[in-house]
Chemist: 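First the structure, which I've put down as structure tokens, then a few questions once you've had a look.
Numbered from 1 within each chain, the chains take letters A, B, ... in sequence-line order.
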Amino acid sequence: MIKSYSKKKKIQKAVLIIIGLLLIALFCFPIILAILTSLKTAPEISQSVFALPESFNLDNFREGMETSNFGRSLLNTCLVTFPGVFLIVVCASMGGYTIARNSGTNRFFKLLDKVYLSSLMIPFQILMIPVYKMFKTLHLQNSLFGMVLILTGTSVAYATFLYVGFVKSIPKELEEAARIDGCGPYKTFLKIVFPLLKPITATVAALHVMWLWNDFNIALILLQKEEVRTLTVKQYYFFGEHLAEYGPAFATSILSMIPVVIFFIAAQKYLVEGIAAGSVKS
Amino acid sequence: MKRRKISSTKTAFYVFAIPGLCFFAFAVLIPLIMGINISFTDWNGISTDYNYVGFDNFITVFTDKRIRQPILNSLLFAVLGCAGNNILALSLALFVNQKIGKLGNVARVVFFIPVCFSQILTAFLWKFIYREVITQIFDINNPLGTTTWVIPAIVVMGLWNTVGINMLIYLSGLKNVPVDLYEAATVDGATGWQRFRKITLPMLMPSFNVCVTLTLTSWLREFGMTLSATQGGPGGASRTISIYIFENLYKFNKAGYGQAVSMLFVVFLVLIGTSVSSFFRKREVEL
């Protein structure tokens, strides 16, 4: 009886492992296919999509880099993402701290908290046309600076919301002790509070690097000129124009995947923690 | 001396809120108010002058024949995407949660990696798969080119791209179910299915709440991936409401009307989001 029970368990486990391997293969398939195709020449691709490349050549990568102006878009994406995330962390940590400490006693902060929270329901579609109009009037179209401003502004409410929840869980005593010792409010925040916020800062930063890096909606509306296009918009137009040239197109897509995957490996812990805690917007 | 210190702390609390508020006002509050204004005009998206047309735009929404298809498409996207995503995400989470050693960890990472890729990249990879691989293996037409299969085909792309997020949310929900509940049920002779149905599902209600609301509203807003996969084609068969709003700005030069559509659309989204969320909240169990 016991023996057959454990045998049944073993079979179950084996079946599970096989299903698991199949699922893993299925999820990896598009990525592996992309790598294979990027290494093949055009005739090789048209002959068979599955066959391994005959020789290891990086011509597609060279050609892709040249025709797509890839380096420029990579730089643009970096110039948008990192200043954006920096501003989000600065604004949201201060804002979240002050809301968490004052929303119980002060009506202004209570209102601010509610406004931020309800703004999370606003989808970008409703802002698309007005933002386009505003940027046209301000001559901020095709400007990476304007792009940073808008990305920070649309993300700050959510990031603040994450900070509020975290600050509420840390005790006030340290701040009070610092104040008694004659430490001013700004210094207290910088030297005492901000270091305590490290875990949530890591989560906020990791999530927003991912979101800002992959942003398409805002970039599509605002960045029309070739030289300011970020990676996503660049690829949108490049893939549209060079439909038949799979080799170079796949090569550039692999190149744009590499930073994301490296980032993922480095920040995996914080991304996973952030999402598992339910801190995700769409 | 003491009073000055307290007041400086108070000022500081307001100062801390200012930078975030400025950005927020610039990117959300001001455009929101401008948007209400634009929806009452006939602005074409290019010129600097425009006229107020009262409620005309809103009335047109209800008589516009071109908007019917995008509405139906978005609803189909939402139903298929939401059902597919949650069923798949929960299955993957249950699988990863099994005691299968290292494989579980590897699977968790692999299922999550596509989340890091942009919608554009996803659309590109899958367009290639549909065009070159699926057609060869199954000897069928490219599903992205047929009006019946284009939406399911895009949903599959989306599942690959985003299912990892919901899997993680379900996984953390599963980890929060107390083990003694299962042990007690096993002692009482409950089968595996009964344990799942009577313990796991009710205990997962908070996760269902988050995941279903998120996927439903995000599929209703579907934009980037569909735009780059099919441009809304073939023949408008995959045009969503968001693409329609975008086209009113860039293609049809009817920004005022597009904004009116988006105002009504957002009211609908908020209603759907809050009612789905309250549906699940009522079913949450307290321990």
Chemist: How long is the straight-line distance from CZ of Phe246(B) back to CD1 of Ile221(A), given to the nearest 0.5 Å?
Modeler: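 Atom-to-atom, Ile221(A):CD1 and Phe246(B):CZ are 5.5 Å apart.
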
Chemist: With a 4.5 angstrom heavy-atom cut-off, could you sort out which part of Ser93(A) is near chain B: side chain, backbone, both or neither?
Modeler: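 It is neither, since no heavy atom gets under 4.5 Å.
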
Chemist: With a 4.5 angstrom heavy-atom cut-off, which part of Ser39(B) approaches chain A: side chain, backbone, both or neither?
Modeler: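 No part of Ser39(B) comes within 4.5 Å of chain A.
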
Chemist: Is it the side chain or the backbone of Leu33(A) that comes within 4.5 Å of chain B heavy atoms, both, or neither?
Modeler: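 It is the side chain, since no backbone atom gets that close.
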
Chemist: Between Leu220(B) and chain A, with a heavy-atom cut-off of 4.5 Å, which part of the residue counts as in contact: side chain, backbone, both or neither?
Modeler: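 Nothing of Leu220(B), per the 4.5 Å heavy-atom cut-off to chain A.
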
Chemist: Below 4.5 Å, heavy-atom pairs only: which of Trp160(B), Tyr170(B), Phe265(B), Phe223(B) has the largest tally toward chain A?
Modeler: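 If we count pairs closer than 4.5 Å to chain A, Trp160(B) comes out on top.
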
Chemist: Would Glu132(B) and Tyr246(A) count as a side-chain contact (heavy atoms from CB on, under 4.5 Å) if you check the C-alpha gap in whole Å, the side-chain angles of each, and the deciding distance to 0.1 Å?
Modeler: CA-CA 11 Å; Glu132(B) 305 291 336; Tyr246(A) 281 128; 3.5 Å; yes

Chemist: Using a 4.5 angstrom heavy-atom cutoff, name the option from Ile122(A), Leu21(A), Leu220(A) with the most pairs to chain B.
Modeler: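 Counting heavy-atom pairs under 4.5 Å, the top option is Leu220(A).
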
Chemist: With a 4.5 angstrom heavy-atom cut-off, is it the side chain or the backbone of Val109(B) that approaches chain A, or both, or neither?
Modeler: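 The answer is both parts of Val109(B).
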
Chemist: Which region of Ile33(B), side chain (C-beta onward) or backbone (N, CA, C, O), has a non-hydrogen atom less than 4.5 Å from a non-hydrogen atom of chain A, or is it both or neither?
Modeler: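 Contact with chain A involves no heavy atom of Ile33(B) at all.
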
Chemist: Return the OG1 to NZ distance between Thr41(B) and Lys133(A), rounded to the nearest 0.5 Å.
Modeler: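 Reported value, rounded in 0.5 Å steps: 7.5 Å.
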
Chemist: About how many Å separate CZ of Phe111(B) and CG of Leu26(A), when rounded to the nearest 0.5 Å?
Modeler: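 Rounded to the nearest 0.5 Å, the CG-CZ separation comes out at 9.0 Å.
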
Chemist: Among Ile245(B), Ile38(B), Leu121(B), Leu29(B), who wins on heavy-atom pairs under 4.5 Å with chain A?
Modeler: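 Ranked by heavy-atom pairs under 4.5 Å with chain A, first place is Leu121(B).
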
Chemist: Side chains of Gln98(B) and Ile17(A): closer than 4.5 Å at any heavy-atom pair?
Modeler: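 With C-beta onward as the side chain, the pair stays apart.
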
Chemist: Drop me the distance from Leu149(A)'s CG to Cys22(B)'s SG, to the nearest 0.5 angstrom.
Modeler: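 The CG atom of Leu149(A) sits 11.0 Å away from the SG atom of Cys22(B).
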
Chemist: If I measure from the heavy atoms of chain B, does Ser256(A) come under 4.5 Å with its side chain, its backbone, both, or neither?
Modeler: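 Only the side chain of Ser256(A) comes within 4.5 Å of chain B.
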
Chemist: Does any backbone or side-chain atom of Gln12(A) lie under 4.5 Å from a heavy atom of chain B? Answer side chain, backbone, both or neither.
Modeler: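 When you check distances to chain B, no heavy atom of Gln12(A) falls under 4.5 Å.
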
Chemist: Using the ring of each side chain (for Trp, its six-membered ring), is Phe250(A) parallel, tilted or perpendicular to Phe128(B), with breaks at 30° and 60°?
Modeler: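 Ring orientation, 0 to 90° scale: perpendicular.
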
Chemist: Is chain B contacted by the side chain of Ile254(A), its backbone, both, or neither, given a heavy-atom distance below 4.5 Å?
Modeler: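 For Ile254(A), neither part sits under 4.5 Å from chain B.
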
Chemist: Side chain, backbone, both or neither: which part of Val163(B) has an atom under 4.5 Å from a heavy atom of chain A?
Modeler: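 Side chain only.
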
Chemist: Given that the side chain runs from C-beta out, which part of Phe108(A) has a heavy atom under 4.5 Å from chain B: side chain, backbone, both or neither?
Modeler: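 For Phe108(A), the contact with chain B is made by the side chain alone.
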
Chemist: Looking at Ile126(A), Ile24(A), Thr137(A), Val131(A), which has the largest count of heavy-atom pairs under 4.5 Å with chain B?
Modeler: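 Among Ile126(A), Ile24(A), Thr137(A), Val131(A), the one with the most close pairs to chain B is Ile126(A).
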
Chemist: When you compare the side chains of Tyr14(B) and Asn106(A), does any donor N or O come within less than 3.5 Å of an acceptor on the partner?
Modeler: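 Yes, because at least one side-chain N or O of Tyr14(B) sits under 3.5 Å from a partner of the opposite role on Asn106(A).
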
Chemist: Out of curiosity, Phe23(B) CZ to Leu151(A) CG, how far, rounded to the nearest 0.5 Å?
Modeler: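 The CG atom of Leu151(A) is 11.0 Å from CZ of Phe23(B), to the nearest 0.5 Å.
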
Chemist: Between Trp43(B) and Tyr132(A), how do the two ring planes meet: parallel, tilted or perpendicular, split at 30° and 60°?
Modeler: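 Because their plane-to-plane angle lies in the 30° to 60° range, the rings of Trp43(B) and Tyr132(A) count as tilted.
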
Chemist: Please check if any side-chain donor atom of Ser242(B) sits under 3.5 Å from a side-chain acceptor atom of Gln125(A), or the reverse.
Modeler: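 There is such a pair (donor and acceptor under 3.5 Å, judged by atom type) between the side chains of Ser242(B) and Gln125(A).
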
Chemist: Please report the closest heavy-atom contact between Tyr116(A) and Gly20(B), naming both atoms and the distance.
Modeler: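 For Tyr116(A) and Gly20(B), the tightest heavy-atom pair comes out as OH-C, 3.5 Å.
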
Chemist: Would you indicate whether Phe135(A), at its atom CZ, is surrounded by more than 12 heavy atoms from other residues, nucleotides or ligands within a distance under 6.0 Å?
Modeler: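 Yes, the 6.0 Å shell around CZ holds more than 12 heavy atoms from other groups.
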
Chemist: What residue in Phe112(B), Trp126(B), Phe117(B) has the most heavy-atom pairs under 4.5 Å with chain A?
Modeler: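 Between Phe112(B), Trp126(B), Phe117(B), the count favours Phe117(B).
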
Chemist: Taking every non-hydrogen pair under 4.5 Å, which of Ile18(B), Ile46(B), Leu269(B), Thr215(B) racks up the most with chain A?
Modeler: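 If we count pairs closer than 4.5 Å to chain A, Ile46(B) comes out on top.
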
Chemist: Looking at side-chain heavy atoms only, is the closest gap between Met134(A) and Phe26(B) below 4.5 Å?
Modeler: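 Yes, at least one pair of side-chain atoms sits under 4.5 Å.
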
Chemist: Which heavy atom in Leu127(A) sits nearest to a heavy atom in Pro31(B), and how many Å separate them?
Modeler: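 Closest approach of Leu127(A) to Pro31(B), heavy atoms only: CD2-CB, 3.9 Å.
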
Chemist: In sequence, state the C-alpha distance, the side-chain angles, and the governing distance for Leu92(B) and Phe27(A), and then conclude on side-chain contact (heavy atoms from CB on, under 4.5 Å).
Modeler: CA-CA 12 Å; Leu92(B) 294 180; Phe27(A) 266 78; 4.0 Å; yes

Chemist: If you count heavy-atom pairs under 4.5 Å with chain B, which of Thr160(A), Ile31(A), Val90(A) comes out on top?
Modeler: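 Sorted descending by pairs with chain B, the first entry is Ile31(A).
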
Chemist: Tell me, for Ile88(A) versus chain B, whether the close heavy atoms (under 4.5 Å) come from the side chain, the backbone, both or neither.
Modeler: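 Contact with chain B: none, neither part.
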
Chemist: Looking at side-chain heavy atoms only, is the closest gap between Ser118(B) and Leu231(A) below 4.5 Å?
Modeler: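 Ser118(B) does not reach Leu231(A) side chain to side chain.
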
Chemist: Does atom NZ of Lys136(A) have more than 12 heavy-atom neighbours, drawn from other residues, nucleotides or ligands, at distances under 6.0 Å?
Modeler: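 Result for NZ/Lys136(A): enclosed.
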
Chemist: Starting at CE of Met94(A), measure out to CZ of Phe13(B) and round the result to the nearest 0.5 Å.
Modeler: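 Atom-to-atom, Met94(A):CE and Phe13(B):CZ are 13.0 Å apart.
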
Chemist: Measure across Tyr236(A) and Ser228(B) and return the closest heavy-atom pair with its distance rounded to 0.1 Å.
Modeler: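 Heavy atoms only, the tightest pair is CD1-CB, 3.4 Å.
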
Chemist: Taking all non-hydrogen atoms of both residues into account, name the closest pair between Phe95(B) and Gly20(A) and its distance.
Modeler: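 Closest approach of Phe95(B) to Gly20(A): CZ-CA, 3.0 Å.
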
Chemist: Checking side-chain contact (heavy atoms from CB on, under 4.5 Å) for the pair Ile120(B)/Lys234(A): CA distance, chi angles, key distance, verdict?
Modeler: CA-CA 10 Å; Ile120(B) 310 307; Lys234(A) 176 94 230 170; over 6 Å; no

Chemist: Under a 4.5 Å heavy-atom cutoff, which of Gly45(B), Gly258(B), Ala25(B) has the most pairs with chain A?
Modeler: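 Winner by heavy-atom pair count: Gly45(B).
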
Chemist: Count the heavy-atom pairs under 4.5 Å between each of Ile129(A), Val156(A), Asn217(A) and chain B, then report the option with the highest count.
Modeler: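 Ranked by heavy-atom pairs under 4.5 Å with chain B, first place is Ile129(A).
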
Chemist: One pair to check against side-chain contact (heavy atoms from CB on, under 4.5 Å): Gln119(B) and Thr232(A). What are the steps and the verdict?
Modeler: CA-CA 8 Å; Gln119(B) 301 170 325; Thr232(A) 47; over 6 Å; no

Chemist: Considering only heavy atoms and a distance below 4.5 Å, find which of Gly224(B), Cys116(B), Ala123(B), Ala12(B) pairs most often with chain A.
Modeler: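 Option with the greatest count: Cys116(B).
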
Chemist: Could you list which of residues 258-266 of chain A have a heavy atom closer than 4.5 Å to any heavy atom of chain B, in residue-number order?
Modeler: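 Checking residues 258-266 of chain A against chain B gives Val260(A), Val261(A), Phe264(A).
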
Chemist: Compare every heavy atom of Gly35(B) with every heavy atom of Pro130(A), then report the nearest pair and how far apart it is.
Modeler: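 The pair with the smallest heavy-atom distance is CG-CA, 3.5 Å.
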
Chemist: Quick check on the 6.0 Å ring-centre criterion: do Phe16(B) and Tyr186(A) meet it?
Modeler: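 Yes, close enough.
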
